Amino acid sequence: MLGALSPAERAAYERHLATCSFCREAVADISALPDLLARLDAKEFAKLLDPTLTAGDHPGASLRDMAAPAIGRGKRRKAFGVRVLSSIAAAILVGLVGIGVLAWTRGTTPAGAPTGPAVAMTRVEGSSPVSATVRLTSTSGGTTVELRCSYHGDQPATLRLVAYGPGNEQEQIGSWQGAPGTDFRMNSPTHFGRGSLSRLELVKSDGSPLLAYDVP
């Protein structure tokens, strides 16, 4: 959003966003930041940094500044600009760190939460261009699904991982582009807990199931 990534980094991160709900939520949380920075009033922000930098609180400040040598004014403007930019950068950093901690906290397995073994998903049809294993980990907010998938098809295909809960309720927890002869790995959360998560399906873009795992 701030244009800090190179084209290659941006493309890689956009591919990551397609499979990571934590990062999608984090991006959504800070999506208003560029607009807020664009509307930032320098004088009001200066009051937060140092009231003596604003003429509004000190009527004589603007006159003193006008009477000061040009070099002195330039130094004060530069110092003010550095302080403003530093404060903005610090605010952004604090926000990003907070988001990162929140995402890490959500994705961290609490002490004592059972981590199951990796199990193979079974083919729904007689033959399938995909093979995969899943590992389930209980979390405070549901279940984290660790997927390892190998694609053996001749043509690229869009694949999706869908979780099923009570009443056949479903939630897509990841999607990716399967390339011939490649492996794909993903850790994705679902809000279905281990008591309510009933089934995982790896499906084509049209919803046709390829692999399935019935949670015991």
Side-chain angles (χ1 to χ4, degrees), residues 1 5-31 99 102-104 106-109 113-216:
M1 289 182 295
L5 299 180
S6 69
E9 291 172 330
R10 181 182 179 90
Y13 190 65
E14 287 177 346
R15 289 194 299 269
H16 173 72
L17 283 180
T19 62
C20 182
S21 61
F22 289 148
C23 286
R24 286 198 298 271
E25 292 176 6
V27 170
D29 288 340
I30 64 172
S31 61
I99 291 170
L102 177 61
W104 178 84
R106 289 179 177 177
T108 301
T109 303
T115 300
V119 294
M121 301 184 74
T122 58
R123 294 176 180 176
V124 176
E125 301 176 350
S127 62
S128 171
V130 182
S131 60
T133 62
V134 291
R135 185 193 306 272
L136 306 183
T137 303
S138 296
T139 66
S140 59
T143 304
T144 295
V145 181
E146 179 183 344
L147 173 76
R148 301 292 182 267
C149 173
S150 297
Y151 183 68
H152 314 290
D154 297 329
Q155 299 295 328
T158 300
L159 305 173
R160 300 187 292 122
L161 186 63
V162 180
Y164 288 84
N168 210 35
E169 179 185 355
Q170 60 180 275
E171 175 188 19
Q172 178 176 307
I173 59 177
S175 65
W176 65 98
Q177 186 78 5
T182 61
D183 294 336
F184 176 78
R185 297 187 176 187
M186 174 181 69
N187 280 9
S188 289
T190 173
H191 73 278
F192 297 127
R194 289 299 296 271
S196 59
L197 178 61
S198 60
R199 182 178 173 90
L200 294 170
E201 284 189 352
L202 195 156
V203 304
K204 301 178 184 178
S205 57
D206 61 2
S208 303
L210 295 172
L211 303 175
Y213 172 64
D214 291 314
V215 181

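A quick note: this is a predicted structure, and the numbers were derived from the prediction, not measured.
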Check whether any side-chain heavy atom of [X] sits under 4.5 Å from a side-chain heavy atom of [Y], and report yes or no.
X      : Y      : value
Leu136 : Leu200 : yes
Val203 : Pro209 : yes
Pro180 : Pro156 : yes

Could you state the interatomic distance from [atom1] ([X]) to [atom2] ([Y]), rounded to the nearest 0.5 Å?
X      : Y      : atom1 : atom2 : result
Arg185 : Thr133 : CZ    : OG1   : 8.5 Å
Thr144 : Met186 : OG1   : CE    : 11.0 Å
Arg160 : Glu201 : CZ    : CD    : 10.0 Å
Leu202 : Leu210 : CG    : CG    : 6.0 Å
Leu159 : Leu147 : CG    : CG    : 9.5 Å
Ser131 : Asp183 : OG    : CG    : 7.5 Å

- request: Would you check, one step at a time, whether the test side chain to side chain contact (heavy atoms under 4.5 Å, CB included) holds for Arg123 with Leu211?
  value: CA-CA 5 Å; Arg123 294 176 180 176; Leu211 303 175; 3.8 Å; yes
query: Within a radius of less than 6.0 Å around CG of Asp154, do more than 12 heavy atoms belonging to other residues, nucleotides or ligands occur?
result: no
Search all heavy atoms of [X] against all heavy atoms of [Y] and return the closest pair with its distance.
X      : Y      : result
Gly165 : Ser198 : O-OG, 3.8 Å
Cys23  : Tyr13  : CB-OH, 3.5 Å
Cys149 : Trp176 : SG-CZ2, 4.0 Å
Ser196 : Pro166 : O-CD, 3.5 Å

- prompt: Counting N and O atoms only, with roles assigned by atom type, does the side chain of Thr143 sit under 3.5 Å from a partner on the main chain of Phe192, one being a donor and the other an acceptor?
  reply: yes
